[in-house]
Amino acid sequence: MSRRYDWLIVGAGFTGATTAERLARGLGQRVLVIDRRDHPGGNAHDRRDEEGRLFHPYGPHIFHTNSGRIFDYLSGFTDWRPYFHRVRGHVDGRLVPVPFNLDSMRRLFPAAMAERLSARLIDVFGFGARPTIADLMAASDDADLRFLGDYVFDRVFAHYTRKQWGMEAGALDPAVTGRVPVVVSRDDRYFSDRYQAMPRDGYAALFDRMLDHPNIHVSLNTDLAEVEPGRFDRMVYCGALDDYFGRSAGDLPYRSLRFEHQVAPVADGLPVGTVNYPNEFDFTRVTDFRHLTGERAETTRLVTEYPIPHTPGATEAFYPIPSEASRRLADQYRAMARDLEGRVWFAGRLADYRYYNMDQAVGRGLSLVEKALAPAILKAAA
Ligand code: FAD
Ligand code: UDP
């Protein structure tokens with residue numbers, strides 16, 4: 001007879017792996033982790049190609065967090081390689097820093113104009129501030145800032161956002177474009193977090209260490225539909241929220257991507273980790289993995305991201321689409337999820353239907369175990 005588990009964890013990405021690790025190592029629970037893919041790690045999975053180059057098959061994953069707790073937790077499973085991600089955007093024929101900063105202006109505008117606009121930005125927001133494009137456009141009683149806001153919106157955000165999401169920026173939650181601010185300094189790092197680093201041996205090695213515990217059994221190439229309900233007591237589900245309910249209230253919108261991977265001589269690689277193409281082509285960005293991995297060879301691996309519509313069963317649901325309409329439908333599913341309280345918990349980028357970064361997925365797993373699962377275990381034992 002097959003073994004019985006205290007918990008079934010559906011999905012071996014950062015949310016599921018953190019939850020499984022804490023349940024097993026922290027609370028002595030017996031855990032079965034399943035994933036329908038042939039590897040753990042979810043979208044953060046990495047691997048080596050035939051010639052040994054490390055790359056990310058689901059698009060570039062750069063770790064960054066402001067949380068010492070999350071960084072310390074993951075440091076139990078990996079050493080780190082310090083890495084500051086830098087991005088250039090192709091704007092008006094030039095490669096300029098993105099987030100748009102004071103140097104971006106110097107490269108795009110005549111010197112005197114760049115100086116005047118920089119001075120206005122520093123005056124209004126303060127040196128080192130990171131206003132969002134919405135903040136900048138709201139400061140519209142000032143003619144210089146109105147010009148700058150319109151320019152940055154048009155050249156950096158409007159077309160990229162239309163490509164990436166298949167909709168206008170105004171239809172999306174402003175937090176989406178707010179992820180990439182305008183930077184009132186010459187700091188050209190893409191992220192401003194306190195901790196920015198890549199797992200020294202890659203993400204796959206990190207996941208292997210997280211899941212390496214006698215109380216954790218990992219079953220790959222396994223869908224939830226294939227697991228007999230009698231094999232586990234309770235479940236944490238990290239798949240798509242609407243999938244769990246057979247999409248009975250309607251399809252939650254997701255955006256998908258097609259990745260084009262290529263190998264090129266280093267001389268044809270990129271000057272920084274990623275180049276964004278806000279204004280031309282039907283792809284959004286190209287990433288050169290040698291910057292992310294620190295590996296040096298004569299050739300390098302690049303990936304180009306083409307946003308595409310998501311079709312359940314045919315494409316991967318990579319991005320929840322944060323908007324007022326999707327929030328209402330997600331709330332309907334969340335109400336259905338509440339009916340399963342005490343038996344099934346929903347967590348992660350897909351099951352919470354939230355645009356989490358990796359650190360937020362880890363944080364979600366940690367707080368789920370501490371605040372909900374540990375008390376549930378205690379209650380059941382009482
Ligand atoms: P996922 O990683 O999506 O894992 C969910 C898992 O559940 C999947 O492996 C899936 O196969 C499995 N699953 C679903 N349904 C079932 C089922 N029915 N049965 C069995 N298994 C199932 N974050 C950053 O911090 N930095 C970055 O640079 C970054 N870049 C990104 C680039 C791209 C292109 C994308 C798409 C995301 C990026 N992210 C980045 C976000 C990051 O991928 C997520 O925050 C993180 O991977 C979420 O982890 P998760 O465990 O919640 O979900
Ligand atoms: N964005 C943009 N132009 C850029 C970079 C980002 O318009 O050059 C907007 C776009 O809507 C994008 C969002 O900001 O989806 C968030 O960007 P981020 O790089 O955080 O996206 P992710 O890495 O999650 O795909």
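The structure displayed is predicted, hence computed values, not measured ones. Counting starts at 1 for both ligands and their atoms, following the listed order.
- One finds a salt bridge joining R334 and D331 here, because a Lys/Arg side-chain nitrogen approaches an Asp/Glu carboxylate oxygen to under 4.0 Å.
- Taking a 4.0 Å cut-off on heavy atoms, T65 fails to register as neighbouring ligand 1.
- D35 OD2, 2.7 Å is the protein heavy atom nearest to atom 9 (O) of ligand 1.
- Considering backbone and side-chain N/O of F157, one or more are found under 3.5 Å from N/O of ligand 2.
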Please assess R106 against D103 for the test salt bridge (charged side-chain N to carboxylate O under 4.0 Å, His left out), listing each intermediate value before the final yes or no. CA-CA 5 Å; R106 286 203 178 91; D103 278 332; 3.2 Å; yes

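- When ring centroids are compared, F318 and F259 come within the 6.0 Å threshold.
- For R146 and D142, the salt-bridge test fails: no basic side-chain N is under 4.0 Å from an acidic carboxylate O.
- Looking at F14, Y58, F318 and measuring to atom 34 (C) of ligand 1, the nearest heavy atom belongs to Y58.
- Y356 O, 3.7 Å is the protein heavy atom nearest to atom 44 (C) of ligand 1.
- From the protein, the heavy atom lying nearest to atom 30 (N) of ligand 1 is P60 O, 2.9 Å.
- No donor-acceptor pair under 3.5 Å is formed between the side chain of R255 and the backbone N or O of I321.
- If you look at V156 next to ligand 2, the close heavy atoms, those under 4.0 Å, come from the backbone and the side chain alike.
- In terms of protein heavy atoms, atom 26 (N) of ligand 1 is closest to I62 O, 2.8 Å.
- Counting only heavy atoms of the protein, atom 3 (O) of ligand 1 lies nearest to N43 ND2, 3.6 Å.
- Residue contacts with ligand 1, taken as heavy atom pairs separated by less than 4.0 Å, involve C238 solely via the backbone atoms N, CA, C and O.
- Taking all heavy atoms of R36, H39, M358, Q360 into account, the minimum distance to atom 25 (O) of ligand 1 is reached by M358.
- At the top of the distance list for atom 52 (O) of ligand 1, counting protein heavy atoms only, stands T15 OG1, 2.7 Å.
- The six-membered or imidazole ring of Y333 lies away from that of F346, with a centre-to-centre distance of 6.0 Å or more.
- Counting protein heavy atoms only, atom 14 (C) of ligand 1 is closest to G239 CA, 3.5 Å.
- Selection from E226, H56, H61 by nearest heavy atom to atom 42 (C) of ligand 1 gives H61.
- Residue-ligand proximity, N276 to ligand 2, at heavy-atom distances under 4.0 Å covers atoms 4 (C), 5 (C), 8 (O).
- Annotation: D359 places no N or O atom under 3.5 Å from an N or O atom of ligand 1; distance criterion only.
- Counting heavy atoms closer than 4.0 Å to ligand 1, residue T222 contributes backbone atoms (N, CA, C, O) but none from C-beta onward.
- Protein heavy atom closest to atom 19 (N) of ligand 1, with residue, atom name and distance, is L224 N, 3.1 Å.
- Note on ligand 2: R285 sits in its first shell, one or more heavy atoms being nearer than 4.0 Å.
- At a 4.0 Å heavy-atom cut-off, ligand 1 does not touch A351 at all.
- Note: Y203 and H56 meet the aromatic proximity criterion, with ring centroids under 6.0 Å apart.
- A salt bridge is absent between R338 and E341; no separation between the charged side-chain nitrogens and carboxylate oxygens falls under 4.0 Å.
- By the criterion of a heavy-atom distance under 4.0 Å, neither the backbone nor the side chain of H85 is placed next to ligand 1.
- Here's the thing with R349: one of its N/O atoms is less than 3.5 angstrom from an N/O atom of ligand 1.
- Residue Y244 places every heavy atom at 4.0 Å or more from ligand 1.
- Side-chain contact between E295 and F55: absent, with no pair of heavy atoms (C-beta onward) separated by less than 4.5 Å.
- In terms of polar-atom proximity, defined here as any N/O pair under 3.5 Å, T177 makes no such contact with ligand 2.
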